[in-house]
Structures are given as structure tokens and as C-alpha cells.
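Here's the structure we're looking at; comments come further down.
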Amino acid sequence: MAPRVVQSEIRAMTAECDRIGGVNLAQGVCDTEVPAAVMEGAMQAMRDGHNIYTRMDGIARLRRAIAGKVAETHGLDPDPEHEVLVASGATGAFHAAAMALLNPGDEVLVFEPFYGYHANTLRSMGAKAVAVAMQEPEGEQEWLLDLGAVRAAITPRTRAMMLNTPSNPAGKVFTRAEVEGLAEIAVEFDLFIFTDEIYEHFIYGGAEHVSPAMLKGMQERTILMSGFSKTFSVTGWRVGYVVADAKWMGAINYFHDLLYVCAPAPFQHGCAAGVEKLGKTFYARLAVEHEEKRGMLADALRVAGMRPHVPDGAYYILASTDKLGGLLDGKTAAEKARSLLAKTGVAAVAGTAFFAVGSGRGEDLLRFCFAKKDEDLMEACRRLEALS
Ligand code: PLP
């Protein structure tokens with residue numbers, strides 16, 4: 001199956017950015033420091049000989065650490081023996097869970113703008129991602145979910161919804177009322193809710209992270225997925241997890257084993273050390289640091305003449321270019337991203353990469369990532385501001 005727009009667009013921008021020596025705000029690769037406890041934990045594990053396959057659902061130490069973590073953050077009490085899977089990233093988690101729980105032809109609701117991997121993973125197994133459009137606000141606020149539109153998108157083939165909160169690319173943190181509304185719909189139509197909570201610790205300005213798994217009676221139908229790529233800045237380590245009811249875990253484990261065998265052994269130890277040793281202060285500092293970066297980038301985008309939708313979570317800003325004129329006038333989003341790169345040396349992603357093909361949406365939008373070292377982000381901001 002041919003790769004769809006989003007990855008090719010991000011890769012193309014990255015390649016062009018490298019060629020001209022620009023600052024890459026296109027790719028969501030956080031290049032911030034790996035916490036020492038995490039790094040040391042992995043290196044020590046290699047020295048200690050943890051270099052072979054692990055149990056297919058991960059080492060007991062990490063399964064226990066994840067169970068303890070979700071007890072603290074979500075108020076859950078999963079059995080680390082039967083209800084926690086250490087996966088090959090949140091990406092592997094979703095692939096295995098979708099293979100286990102969906103059949104070809106099944107429909108899964110995704111909230112648009114959506115993360116391309118979710119839609120493509122579904123497509124790769126013959127399931128269908130059905131986009132429910134969120135509304136772009138007039139001002140700088142977050143995108144709006146219409147529960148009526150969610151209901152209207154349901155057909156007899158709908159089996160699940162994918163809730164990515166905080167979301168990529170919009171940075172939307174779904175409110176408690178929205179998550180409760182979605183949970184009600186899931187119960188009414190007997191749907192699974194797959195959650196991708198990879199940005200759960202990137203929450204700003206008093207917003208609250210709410211997972212459907214936290215709501216009464218929702219644990220059995222929620223397939224909670226998250227990981228360490230973003231929190232510990234280890235995107236290349238491929239360690240994530242699934243927390244779900246034991247009745248689904250056998251099949252999810254089976255497909256995860258088939259696809260990945262296990263997550264990398266020493267990196268599982270590194271992540272376990274991180275979860276064991278880094279407490280609330282670490283996660284709180286991570287949010288504060290990224291909130292500062294968010295402020296820096298949003299200011300630069302305003303000075304440059306764009307209208308940033310300031311996100312409550314994750315580490316991307318979708319910015320509207322509708323007022324920019326001049327340089328980007330009359331161009332498609334992909335052309336705008338290229339013109340901006342040529343003119344400023346800052347790479348962003350065309351908004352169209354996050355909308356259903358043929359929807360015609362996203363042409364006015366560019367996505368900028370702010371999970372960058374301060375010096376690189378400052379350089380990008382300086383270049384963007386020079387546009388004014
Ligand atoms: N989910 C979302 C929403 C993402 O934005 C990303 C990375 O950009 C991932 C998952 C990838 O997570 P992992 O590295 O754990 O596979």
C-alpha cells in the first residue's frame with residue numbers, strides 16, 4: 001500500500017531542511033536531554049547482560065512500574081501479570097491492539113485533524129478510519145469537538161474510536177465533558193475506545209488530562225496506550241505500553257509478539273529505572289519547560305503574521321496563515337511550507353497532512369514542533385520574526 005501524505009510530507013520537509021541547513025520544526029523528534037536515570041538504567045542493563053529476548057509482554061520490573069504509574073496518574077489498578085503489555089512504542093501498541101480487536105471493513109472514528117499513523121495503521125489492515133471533523137476556532141483557541149457529528153458518523157460497521165489526547169497535531173486536550181460525552185457514545189453503540197496518551201505529561205495552563213479509562217465503568221472498553229518516547233526523549237528506543245482488560249490482552253500480546261517479538265530489553269530496563277526514580281517533580285518540570293517553549297514559538301508566529309492556535313497540550317502548534325498574505329498567498333499548504341523554508345530556513349509541515357485526503361481542509365495551516373533545544377528554537381523564532 002502506498003504511503004499516505006503525512007509521512008512523506010514530513011520526510012520531504014526534513015530532507016529539504018537538512019539540505020539547506022535550516023532549523024527543523026517539521027518533525028516531532030524531541031532532541032532534548034535524556035534523563036540520567038533512564039540513560040544509566042539502559043547502559044547498566046546492557047552491562048548486566050539484559051541483551052536477549054524478554055517475555056513477550058515485557059519484563060516484570062517494567063510492567064510493575066507501569067501499573068504503579070497508571071495507579072498514580074489514572075487511579076487504575078491493573079494486574080501487571082495480565083493487564084499490562086510493554087510494547088514497541090505506542091505505535092506498536094496500536095498496531096497490535098488494532099490487529100487483535102478489529103476485522104477488515106470495521107470502521108474507527110478519528111478526530112480530524114488526526115495523526116497520520118492512526119489512519120494508516122487502520123488502512124494497512126483493511127479497517128477504515130472515518131474522519132470526524134473538529135471545528136477550527138476563529139481565534140487562537142483550541143479546536144472544537146461536536147458530539148453530534150461524532151454520533152452522525154456512526155454506522156453499523158463502527159467498532160471503535162481513536163482518542164488522542166493531548167493530540168497531535170492540534171495539541172487539543174479533550175475536556176472531561178468531551179471525554180464523558182465520547183464515553184457515553186461508546187457505551188450506547190458498544191464501541192472500544194483506543195486512546196493514544198503519549199503526550200499525557202505535556203499539559204499546560206491548568207488543563208487536565210482525562211482518559212476514558214478514568215471514568216466509571218469504562219475500563220473494559222478502553223484500550224489505553226502510551227509510552228516513553230516523548231517523556232524521556234527516547235523516540236528511538238521503541239518502548240511504549242498498553243493497559244487493557246485481561247480479556248483482550250491475550251490477543252493483543254499474540255499480535256505484538258508476531259510483529260515485534262518484544263520491546264528492546266535494555267531499553268525496557270532504562271524506562272523502568274526512569275519510572276521508578278523520576279517522580280512528580282520531573283513530570284511537572286517537563287510541562288513547565290515546554291510551556292515556555294510554546295510561548296516562545298507562539299509569540300514568534302504572531303510576529304511573523306500568522307495566527308497560532310495555542311495548544312493546551314502536546315508540543316505542536318497549528319498556525320493559520322490566512323492573514324500572512326504576500327509570500328504565501330494563493331499557495332497550497334505544501335507550497336507554503338516550502339516557500340517558508342526557502343525564505344526563512346525554518347521547516348514546518350503542511351496542514352493538509354493531517355486531514356482526510358480530498359477534504360480540502362488544512363490548506364491554510366502549517367504545523368510547527370516546539371520540542372527543541374532552546375538554542376535551536378530561539379534561532380527558529382528569530383528567523384520567523386524576520387518575516388514581518
Ligand atoms: N502517537 C502520537 C500521537 C505521536 O505524535 C507519536 C509520535 O510523533 C507517536 C504516537 C509515536 O510514539 P512511539 O514513539 O511511542 O511509537
Side-chain angles (χ1 to χ4, degrees), residues 4-11 13-14 24-32 34 38 58 62 66 69 84-98 108 110-122 124 129 134 143 161-174 193-203 209 211 223-243 252 256 259-260 262-264 267-268 270-271 274-275 290 311-318 348-349 351 353-355 367-372:
R4 302 282 295 219
V5 177
V6 67
Q7 274 312 305
S8 46
E9 193 49 32
I10 293 174
R11 290 209 182 100
M13 291 308 296
T14 297
N24 190 357
L25 302 191
Q27 208 157 27
V29 175
C30 38
D31 50 13
T32 40
V34 178
V38 176
L62 182 52
I66 292 166
K69 178 176 185 287
V84 177
L85 159 68
V86 177
S88 180
T91 308
F94 184 45
H95 207 126
V108 178
V110 295
F111 306 122
E112 187 189 51
F114 53 76
Y115 175 57
Y117 264 77
H118 292 153
N120 293 345
T121 298
L122 293 165
S124 74
M134 293 196 288
W143 291 61
M161 51 178 95
M162 159 52 81
L163 178 63
N164 174 209
T165 185
S167 81
N168 174 8
K172 180 176 171 64
V173 177
F174 288 74
I193 306 188
F194 295 107
T195 68
D196 179 336
E197 305 181 27
I198 192 95
Y199 297 106
E200 65 190 295
H201 295 294
F202 298 83
I203 299 271
H209 176 64
S211 165
I223 311 298
L224 186 163
M225 301 176 292
S226 191
F228 304 104
S229 284
K230 314 284 175 175
T231 323
F232 295 158
S233 308
V234 289
T235 49
W237 283 17
R238 315 309 310 130
V239 188
Y241 57 88
V242 180
V243 174
I252 301 175
H256 190 269
L259 293 163
Y260 307 102
C262 63
F267 299 145
Q268 292 192 45
C271 291
V275 181
H290 282 79
D312 281 343
Y315 49 54
Y316 308 95
I317 295 184
L318 272 180
V349 188
F354 308 100
F355 291 84
R367 189 199 74 174
F368 297 84
C369 171
F370 56 83
K372 292 277 152 190

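For the single chain, residues carry numbers from 1 onward in sequence order. Numbering of ligands and ligand atoms starts at 1, following listing order.
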So for ligand 1, is His118 a polar contact partner (N or O within less than 3.5 Å, distance only)? no
Mark yes or no for whether Asp196, through its side chain, and Ile198, through its backbone, hold a donor-acceptor pair below 3.5 Å. yes
For Asn120 and Ser124, indicate whether the former's side chain and the latter's backbone hold a donor-acceptor pair under 3.5 Å. no
Contact check: Lys230 vs ligand 1, nitrogen or oxygen atoms, below 3.5 angstrom: yes
Look only at the side chain of Lys230 and the backbone of Glu200, and say whether a donor-acceptor pair between them is shorter than 3.5 Å. no
Check each atom of ligand 1 against the heavy atoms of Arg238 and keep those under 4.0 Å away; list them by number with element. 13 (P), 14 (O), 16 (O)
CE (Met225) and OG (Ser211) are apart, to the nearest 0.5 Å, by 10.5 Å
Using only atom types and a distance under 3.5 Å, with no angle test, would you say the side chain of Ser167 pairs donor to acceptor with the backbone of Gly171? yes
Ligand 1 atoms in contact with Gly89 (distance to a heavy atom under 4.0 Å): 15 (O), 16 (O)
Once you restrict to heavy atoms under 4.0 Å, what part of Asp196 touches ligand 1? Side chain, backbone, both or neither. side chain
In this structure, does ligand 1 have an atom that sits under 4.0 Å from one of the heavy atoms of Ser229? yes
His256 side-chain N/O to Cys262 backbone N/O, donor-acceptor pair under 3.5 Å: no
Name the residue from Tyr315, Phe370, Tyr316 that meets the ring pair (Phe, Tyr, Trp, His ring centres under 6.0 Å) definition with Phe202. Tyr315
Suppose I only count heavy atoms of Asn164 and a 4.0 Å limit; which atoms of ligand 1 are within that range? 3 (C)
For Tyr117 and ligand 1, answer yes if some heavy atom of the residue is under 4.0 Å from a ligand atom, otherwise no. no
Hey, is ligand 1 close enough to Tyr199 that some N/O pair sits below 3.5 Å? yes
